[in-house]
Amino acid sequence: MKNILLSFIKKQNKCSHKNALLNSEKGYCPDCGQYLVKNYYLIRCSCCDIKREAKLCWDEIVPVSKYCSNCGSEQYYIEQIDKVNFIDAKYAIYLKEIASELHSLHPETQIWVNEGDGIIKQIASSAFS
């Protein structure tokens, strides 16, 4: 019980990024300074591949209904999409997520050397800002 209460308190102190990405797909949160990316997700039935309505429940994407209205299956999968079109707007969920791939923000240059006996070793690595 104590662990559940502590995790709830930690989530309450976590930035919700409510003022971030209002008119853009990526950028910095003005409240916490994290670099964010807006990602779109759809839920599809695993059996018949039809789109299902989704909702967020405890920071997890889940279907609104327990069973597929087309085939009755309970199984589903989550698909990430690049853009939301008019038809998918009813089904799509978007999340403001912290960009975890720092290499896309700061490209790296690596130098590798092939030594005579077939051993390849890295001699330098640097990141540019």
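Keep in mind that the numbers below use all heavy atoms, side chains included, and drop hydrogens, waters and symmetry copies. The model shown is predicted, which means the values in this text are computed figures rather than measured ones.
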Rounded at 0.5 Å granularity, tell me how far [atom1] in [X] sits from [atom2] in [Y].
| X | Y | atom1 | atom2 | result |
| --- | --- | --- | --- | --- |
| I78 | L42 | CD1 | CG | 10.5 Å |
| Q75 | Y67 | CD | OH | 10.5 Å |
| S65 | I43 | OG | CD1 | 9.5 Å |
| I93 | I81 | CD1 | CD1 | 10.5 Å |
| S73 | D49 | OG | CG | 11.5 Å |

Determine the minimum heavy-atom distance between [X] and [Y], stating which atoms define it.
| X | Y | value |
| --- | --- | --- |
| K96 | H17 | NZ-O, 3.0 Å |
| A54 | I61 | CB-CG2, 4.1 Å |
| E74 | R52 | O-NH1, 4.0 Å |
| G33 | Y28 | O-CD2, 3.5 Å |
| K55 | P63 | CE-O, 4.1 Å |

Any donor-acceptor pair under 3.5 Å from D88 side chain to Y91 backbone = no

query = Between the main-chain N or O of L21 and the side-chain N or O of K38, is there a donor-acceptor pair closer than 3.5 Å?
reply = yes

Evaluate whether atom [atom1] of [X] has more than 12 neighbouring non-hydrogen atoms of other residues, nucleotides or ligands under 6.0 angstrom away.
| X | atom1 | result |
| --- | --- | --- |
| I87 | CD1 | no |
| D82 | CG | no |
| K51 | NZ | yes |

request  = Using the rule that two of Ile, Leu, Val, Met, Phe, Trp, Tyr join whenever any of their side-chain heavy atoms come within less than 4.5 Å, decide whether Y94 and L56 are in one cluster.
outcome  = no

ask   = According to a 4.5 Å side-chain heavy-atom criterion applied to Ile, Leu, Val, Met, Phe, Trp and Tyr, with indirect links allowed, do Y41 and V37 form part of one hydrophobic cluster?
value = no

ask   = Quick one: does Y76's side chain get under 4.5 Å of I50's, heavy atoms only?
value = no

query = Do the side chains of C29 and C15 get nearer than 4.5 Å, heavy atoms only?
reply = yes

key: Worked verdict on E25 versus Y40 for side-chain hydrogen bond (donor to acceptor under 3.5 Å, both in side chains)   = CA-CA 10 Å; E25 297 294 315; Y40 299 94; 3.2 Å; yes

